[in-house]
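A quick write-up on the structure given underneath.
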Amino acid sequence: MVETLKIQVQKTDKSRKAQVDFNNLPFGKIFADHMFLADYRDGDWRNFRIVPYGHMQVSPATPAIHYGQSIFEGLKAYRGKNGEALVFRPYDNWKRMNVSADRMCMPYLPEDVFMEGLRSLLKHDRDWIPSSEGSSLYIRPFMFSADEYIGIRPSQDFTFMIINSPVGPYYSTPVKVKIETHYTRAVEGGTGFAKAGGNYGGSLYPAKLAQEKGYHQLIWTDGKEHKYVEESGTMNVMFVFDNTLVTPSLGDSILRGITRDSVLALAKHWGVKVEERRVSVAEVVDGLKNGRLTEAFGAGTAATIAHIELIGYEEKNYYLPPVEKRKFSNRVLQELDGIKRGLMEDPFGWMEVF
Ligand SMILES: *Cc1c(COP(=O)(O)O)cnc(C)c1O
């Protein structure tokens with residue numbers, strides 16, 4: 001791609017990289033040396049810049065803080081053989097960011113602002129991409145309203161940014177999840193399909209209650225009847241019943257996950273039977289009881305594939321077969337990891353070299 005965007009670069013004069021233990025990375029607490037910013041003013045994106053990562057000043061009247069007009073993305077880069085950045089499906093993140101922007105009355109973000117911003121940022125922070133197994137550079141693009149106005153209306157000014165965080169594995173063990181039948185993450189007509197900040201603020205309390213009972217995460221159900229499975233925490237959820245891969249079909253209340261889409265594409269490519277449809281809680285619980293449900297996992301960028309160890313429902317815990325026995329989820333995890341690291345063929349053209 002031709003460099004079209006004029007980006008001003010102010011490099012850090014003191015890299016923090018030497019202080020980081022790259023063999024022992026926590027998730028989301030360490031940030032690379034630089035960040036990318038762009039301002040939306042008078043109806044146009046401008047002032048493209050890379051500056052040292054650090055705190056910034058915003059008005060106390062910023063609507064993003066008060067009303068949550070704020071959206072984000074998450075994607076990962078892996079280190080290639082020659083130190084290049086291998087980025088997984090960034091165009092899909094860019095497209096989804098615009099779906100979120102539209103729902104939240106935020107401006108369209110042009111492709112070159114996202115891609116050239118990211119390309120340039122990765123050029124400066126390339127050495128922050130970890131190479132050890134299970135680690136990668138988590139990329140967080142986000143956009144927030146930046147008016148100085150506390151009335152409730154769509155803003156006119158916005159800021160788009162990208163920050164990078166070298167990360168290790170998200171979950172270190174298979175996860176314990178509980179089927180939530182009271183609280184709701186998202187409803188038809190709501191904002192669940194957008195990666196909008198407020199969706200996550202509202203999900204913390206029910207997740208906390210489950211964590212107090214020893215679970216890692218919830219399985220969210222539909223907001224109307226709590227009879228149908230939707231997502232697991234901040235991941236899409238997938239099941240294997242009798243060798244068929246089953247996952248809830250997309251709608252307003254389900255985030256259109258890129259990992260979900262990738263798993264479905266690989267499954268079809270391998271000739272595995274796939275069903276995208278409504279998945280009832282009753283069916284999942286029956287499958288746990290009669291052994292027809294052999295695998296369950298969350299799918300998302302941060303965790304990739306998170307094996308589900310057990311599912312709690314109405315005060316009872318149901319265990320799934322041991323992780324070593326799960327043919328499909330182990331195969332898909334290996335294949336995705338291989339593609340992302342440039343070690344396996346990429347039949348769908350998912351990887352971009354930055
Ligand atoms: C980000 C996210 C996912 C996973 O999407 P990916 O594109 O695979 O990372 C799933 N559910 C929710 C609620 C999310 O926020």
Side-chain angles (χ1 to χ4, degrees), residues 27-28 68 70-78 87-101 103-104 114 118 136-143 162 165 167 169-171 175 177 180 183-188 190-204 206-207 210 216-223 228-239 245 247-267 276 279 296-306 308 329 332-333 335-337 339-340 348 350-352:
F27 190 89
S70 149
I71 57 176
F72 66 96
E73 273 302 325
L75 64 161
K76 277 180 172 175
Y78 299 79
V87 189
F88 186 66
R89 304 188 68 173
Y91 287 90
D92 294 278
N93 292 93
W94 163 67
K95 283 182 202 152
R96 186 172 66 192
M97 185 152 214
N98 279 318
V99 171
S100 301
R103 177 63 179 83
M104 298 300 289
F114 190 100
L118 180 56
S136 56
L137 189 72
Y138 184 81
I139 300 164
R140 167 54 57 88
F142 56 108
M143 191 203 295
I162 307 174
S165 174
V167 297
Y170 194 75
Y171 291 113
V175 293
V177 299
E180 178 59 61
Y183 294 100
T184 301
R185 187 192 90 90
V187 289
E188 221 178 294
T191 58
F193 67 95
K195 249 176 144 68
N199 291 344
Y200 304 84
S203 71
L204 296 175
H216 294 96
Q217 268 303 350
L218 294 173
I219 286 189
W220 296 106
T221 54
D222 71 284
Y228 297 95
V229 170
E230 299 217 314
E231 297 206 52
S232 178
T234 55
M235 297 179 289
N236 293 109
V237 67
M238 305 186 125
F239 304 95
L245 179 65
T247 192
S249 39
L250 297 170
D252 280 1
S253 56
I254 295 183
L255 203 285
R256 190 177 282 265
I258 295 163
T259 314
R260 174 189 182 279
D261 184 73
S262 308
V263 173
L264 292 177
L266 282 172
E276 288 181 74
V279 181
F297 56 95
T301 294
T304 314
I305 301 296
I308 293 175
S329 44
V332 89
L333 178 57
E335 185 88 8
L336 271 176
D337 198 64
I339 293 172
K340 290 172 173 183
F348 303 97
W350 284 333
M351 300 310 296
E352 297 290 330

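Numbering of ligands and ligand atoms starts at 1, following listing order. Note that the coordinates shown come from a computational prediction; the quantities given were computed from them, not determined experimentally.
Here the side chains of L118 and W94 are not in contact, with every heavy-atom distance at 4.5 Å or above. Between L255 and R96 the shortest side-chain heavy-atom distance falls below 4.5 Å.
The contact set between ligand 1 and G257, taken as ligand atoms under 4.0 Å from a residue heavy atom, comprises 5 (O), 6 (P), 7 (O), 8 (O). Every atom of ligand 1 with a heavy atom of Y200 under 4.0 Å away is listed here by number and element: 13 (C), 14 (C), 15 (O).
Nearest protein heavy-atom neighbour of atom 9 (O) of ligand 1: T301 OG1, 2.6 Å. Summary of contacts: the protein heavy atom closest to atom 3 (C) of ligand 1 is T234 O, 3.3 Å. Among protein heavy atoms, the minimum distance from atom 13 (C) of ligand 1 is reached at R185 NH1, 3.3 Å. In terms of protein heavy atoms, atom 8 (O) of ligand 1 is closest to T259 OG1, 2.7 Å.
Ring geometry for F348 versus W350: interplanar angle under 30°, hence parallel rather than tilted (30 to 60°).
For E188, the CD atom is loosely surrounded, since the number of other residues' heavy atoms within 6.0 Å does not exceed 12. Atom CZ of R140 has more than 12 heavy atoms from other residues, nucleotides or ligands within 6.0 Å.
At a 3.5 angstrom cut-off on N or O pairs, I258 counts as close to ligand 1.
Annotation: cation-pi pair K340/F88 present, NZ/CZ under 6.0 Å from the ring centroid and within 45° of its normal.
Between the choices R96, K195, E231, the shortest heavy-atom distance to atom 11 (N) of ligand 1 belongs to E231.
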